[in-house]
Participant: 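The structure's right below; bear with me while I get my questions together.
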Amino acid sequence: MKAALYRAFGEALTIENVPDPEPPPAGVVISVEATGLCRSDWHGWMGHDPDIRLPQVPGHELAGVIEAVGSEVTGGWRRGDRVTLPFVCGCGTCPQCGSGNQQVCDRQFQPGFTHWGSFAEFVAIDFADVNLVRLPDEIDFVTAASLGCRFVTSFRAIVDQGRVTDGQWVAVHGCGGVGLSAIMIASALGAHVVAVDIDDNKLAFAGSIGADSLINARSVDAVPEAIREVTGGGAHVSIDALGSAVTSSNSIDCLRKRGKHIQVGLMVDGDQSPTVPMDRVIADELEILGSHGMQAHRYPELLAMIQSGKLKPESLVSRTISLDDALTELPAMHKSTETGITVIDRF
């Protein structure tokens, strides 16, 4: 099969012909129809993930058609089924999976990180019965691939971790793929949304998909104070969708009493252990939460909202590219100012 891979961190990707994968006994092989280009892929390519072994094929936001099924798969999956899956796959047998929290599986499988990913014509996925999500005919492959990491992570952050309800104020720090997804989801739930970024174009797009208030962090003296003024006392829920010491601190500081901070953006290098104002966490009974993907069994609610038109993730897809284009697009992701999500749909 044709695949894009890298043999050293931070060095050029190449297109190579490599052997087609075989399905694991409890897994499947998927013919990839679309796969998202995500900042997490860039982090992996840079060597920020200790689980990656070289050479590696990136790609974890995928949708496609089952090509082959392992002998131990019992969930009724068949060749030709249209599927997608979470980017964090569970083993199905550890205590976390037993509690329904496959997104923090003790033996998690992550295409593009622990195993070869979806920047290829085919990808092998283990533990199919736990991880595959049947894709409704109404949802095309590009839209499904755009859900894979950013949208589902934001869905769980807003719905399950943040428990956002109608009328609450939600602050979203960073208007990339994660942030825009969070804005759309929170707005669909009836929340009032404050979008924060340093790019006016991204902020304008955030306003077009549901943000009620737009704050350019470079145009105000202090982001937390600006949010407290807009919200009349602070956000009920605030999400760091970027991942830096500054945005994480702003997210916590902008909360009202008993508010929730949710960390979604990945923290790297010197930002991995930011200072947390525990005196205020205690005094105001703040909640500090992480959000890491979403379980396959939580997809039906999300897919139903898409089918009903309540959520329109396809509007977040800014463009589609070829696998060959990914060779230059992925290394440049840290410099991108593009609004929306890029998806590979030509192999």
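Nothing here was measured: the structure is a model prediction, and the numbers come from that model.
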Participant: Would Asp324 and Lys2 satisfy salt bridge (charged side-chain N to carboxylate O under 4.0 Å, His left out), going step by step from the backbone distance to the final call?
Facilitator: CA-CA 10 Å; Asp324 289 347; Lys2 182 180 178 182; 3.7 Å; yes
Participant: Taking Ser118 for its side chain and Gly59 for its backbone only, find out whether a donor-acceptor pair lies under 3.5 Å.
Facilitator: yes
Participant: Verify, without hydrogens or angle tests, whether Asp51 (side chain) and Phe113 (backbone) share a donor-acceptor contact under 3.5 angstrom.
Facilitator: no
Participant: Is the distance between the ring centroids of Phe119 and His60 under 6.0 Å?
Facilitator: no
Participant: Find out whether Pro277 and Asp253 are in side-chain contact, i.e. whether some heavy atom of one side chain is under 4.5 Å from a heavy atom of the other.
Facilitator: yes
Participant: Is there side-chain contact between Leu85 and Tyr299, with at least one heavy-atom pair below 4.5 Å?
Facilitator: no
Participant: I need the single residue from Val29, Val28, Val57 that forms a side-chain contact (heavy atoms from CB on, under 4.5 Å) with Pro21. Which is it?
Facilitator: Val29
Participant: Is the side chain of Gln161 donor-acceptor paired with the backbone N or O of Ile262 at a distance under 3.5 Å, no angle test?
Facilitator: no
Participant: Once side chain to side chain contact (heavy atoms under 4.5 Å, CB included) is applied, do any residues pair with Glu33, and if so which ones, sequence neighbours excluded?
Facilitator: Ser31, Val65, Phe141
Participant: Would a distance-only check, ignoring hydrogens and angles, find a side-chain to backbone donor-acceptor pair under 3.5 Å from Arg256 to Gly234?
Facilitator: yes
Participant: Is there any salt bridge (Lys or Arg N to Asp or Glu O under 4.0 Å) pair reaching into residues 7-24, and which pairs are they, with sequence neighbours excluded?
Facilitator: Arg7-Glu16
Participant: Within the structure provided, determine whether Val88 and His292 are in side-chain contact (heavy-atom separation under 4.5 Å).
Facilitator: yes
Participant: So if you build clusters from Ile, Leu, Val, Met, Phe, Trp, Tyr with side-chain heavy-atom gaps below 4.5 Å, do Leu203 and Val193 land together?
Facilitator: no
Participant: What about Val133 and Val73, same hydrophobic cluster or not, with Ile/Leu/Val/Met/Phe/Trp/Tyr joined at side-chain heavy-atom distances under 4.5 Å?
Facilitator: no
Participant: With side-chain contact (heavy atoms from CB on, under 4.5 Å) as the test, pick out the partner of Leu147 among Ile306, Thr153, Thr84.
Facilitator: Ile306
Participant: Taking the side chain from Ser249 and the backbone from Ala245, do they hold a donor-acceptor pair closer than 3.5 Å?
Facilitator: no
Participant: A side-chain contact here means heavy atoms from C-beta on lying under 4.5 Å apart; do Glu61 and Arg150 qualify?
Facilitator: yes
Participant: Compare all side-chain heavy atoms of Pro86 with those of Met294 and state whether any distance is below 4.5 angstrom.
Facilitator: no
Participant: Between atom CD1 of Ile344 and atom CG of Asp325, what is the distance when rounded to the nearest 0.5 Å?
Facilitator: 8.5 Å
Participant: Output all residues satisfying side-chain hydrogen bond (donor to acceptor under 3.5 Å, both in side chains) with Asn201, sequence neighbours left out; order by chain, then residue number.
Facilitator: none
Participant: For the CZ atom on Arg258, are there more than 12 heavy atoms of other groups (residues, nucleotides or ligands in this structure) within a distance under 6.0 Å?
Facilitator: no
Participant: Is there a donor-acceptor contact under 3.5 Å from the side chain of Arg82 to the main chain of Ile139?
Facilitator: yes
Participant: Taking the side chain from His115 and the backbone from Gly112, do they hold a donor-acceptor pair closer than 3.5 Å?
Facilitator: no
Participant: Return yes when atom CD of Glu229 has more than 12 non-hydrogen atoms of other residues, nucleotides or ligands closer than 6.0 Å, and no otherwise.
Facilitator: no
Participant: Thinking salt bridges, do Arg298 and Asp160 make one under a 4.0 Å N-O criterion?
Facilitator: yes
Participant: Got a sec, which residues hit side chain to side chain contact (heavy atoms under 4.5 Å, CB included) with Ile288, two or more places apart in sequence or on another chain?
Facilitator: Ile252, His261, Val281
Participant: Does Ser99 have any side-chain hydrogen bond (donor to acceptor under 3.5 Å, both in side chains) partners at least two apart in sequence or in another chain, and if so, which?
Facilitator: Asn101
Participant: Run the side-chain donor-acceptor check on residues 237-244: report pairs under 3.5 Å with partners two or more places apart or on a different chain.
Facilitator:
from, atom 1, to, atom 2, distance (Å)
Ser238, OG, His173, NE2, 2.9
Ser238, OG, Ser251, O, 3.4
Ser238, OG, Ser251, OG, 2.7
Asp240, OD1, Leu242, N, 3.0
Asp240, OD1, Gly243, N, 2.9
Asp240, OD1, Thr247, OG1, 2.9
Asp240, OD2, Thr247, OG1, 3.2
Asp240, OD2, Ser248, N, 3.3
Asp240, OD2, Gln263, NE2, 2.8
Ser244, OG, Val246, N, 3.4
Ser244, OG, Thr247, N, 3.0
Ser244, OG, Thr247, OG1, 2.8

Participant: Please report the closest heavy-atom contact between Val264 and Ala157, naming both atoms and the distance.
Facilitator: CG2-CB, 3.9 Å
Participant: Go through the steps to decide whether Met184 and Ser315 satisfy the test side chain to side chain contact (heavy atoms under 4.5 Å, CB included), and finish with yes or no.
Facilitator: CA-CA 10 Å; Met184 178 182 288; Ser315 67; 3.3 Å; yes
Participant: Which heavy-atom pair separates Ser181 from Leu316 by the least distance, and what is that distance?
Facilitator: OG-CD1, 3.5 Å
Participant: Quick one about Gln307 and Glu138 (side-chain donor to acceptor, distance below 3.5 Å, no hydrogens or angles considered), yes or no?
Facilitator: yes
Participant: Quick one: do Arg79 and Glu67 satisfy salt bridge (charged side-chain N to carboxylate O under 4.0 Å, His left out)? Show the steps, please.
Facilitator: CA-CA 5 Å; Arg79 187 174 185 272; Glu67 179 72 17; 3.3 Å; yes
Participant: Membership question, hydrophobic clusters at under 4.5 Å side-chain separation (ILVMFWY): are Ile125 and Ile52 in the same one?
Facilitator: yes
Participant: Does any non-hydrogen side-chain atom of Met333 lie less than 4.5 Å from one of Leu37?
Facilitator: yes
Participant: Using a 3.5 Å distance criterion without hydrogens, assess whether the side chain of Asn131 forms a donor-acceptor pair with backbone atoms of Gly90.
Facilitator: yes
Participant: Taking Phe151 as the fixed residue, which of Ile341, Thr143, Leu311 is the one that meets the side-chain contact (heavy atoms from CB on, under 4.5 Å) rule?
Facilitator: Leu311
Participant: Do the side chain of Trp116 and the main chain of Ala124 share a donor and acceptor less than 3.5 angstrom apart?
Facilitator: no
Participant: Checking side-chain polar atoms at under 3.5 Å, does Asn216 have a donor or acceptor matched by the opposite partner on Asp197?
Facilitator: no
Participant: Is there a chain of hydrophobic side chains (I, L, V, M, F, W, Y, each step under 4.5 Å between heavy atoms) that links Phe109 to Val69?
Facilitator: yes
Participant: Would you indicate whether the side-chain heavy atoms of Ile183 and Cys175 approach each other to under 4.5 Å?
Facilitator: yes
Participant: Are Phe87 and Val159 joined in one hydrophobic group, where the rule is that I, L, V, M, F, W and Y side chains link up if heavy atoms are under 4.5 Å apart?
Facilitator: no
Participant: Just wondering, more than 12 heavy atoms not from Arg346 lying within 6.0 Å of its CZ?
Facilitator: yes
Participant: Would you give the length of the straight line joining atom CZ of Phe347 to atom CE of Met1, rounded to the nearest 0.5 angstrom?
Facilitator: 11.0 Å
Participant: Is it the case that the side chain of Asp41 and the backbone of Cys38 share a donor-acceptor pair, with hydrogens and angles ignored and the cut-off at 3.5 Å?
Facilitator: yes
Participant: Below 4.5 Å, heavy atoms only, C-beta onward: do Thr14 and Leu5 meet side chain to side chain?
Facilitator: yes
Participant: Passes ring-ring contact (aromatic ring centres under 6.0 Å, His included), Trp169 versus His236? Steps please.
Facilitator: CA-CA 5 Å; Trp169 280 99; His236 296 88; 8.3 Å; no
Participant: Lys260 and Leu289: which non-hydrogen atoms are nearest, and at how many Å?
Facilitator: CD-CD1, 4.1 Å
Participant: Quick check for you: to the nearest 0.5 Å, what is the distance between Asn250 atom CG and Ile227 atom CD1?
Facilitator: 7.0 Å
Participant: If you draw the axis of the six-membered ring of Trp77, does the NZ or CZ of Arg134 fall within 45° of it and under 6.0 Å from the ring centre?
Facilitator: yes
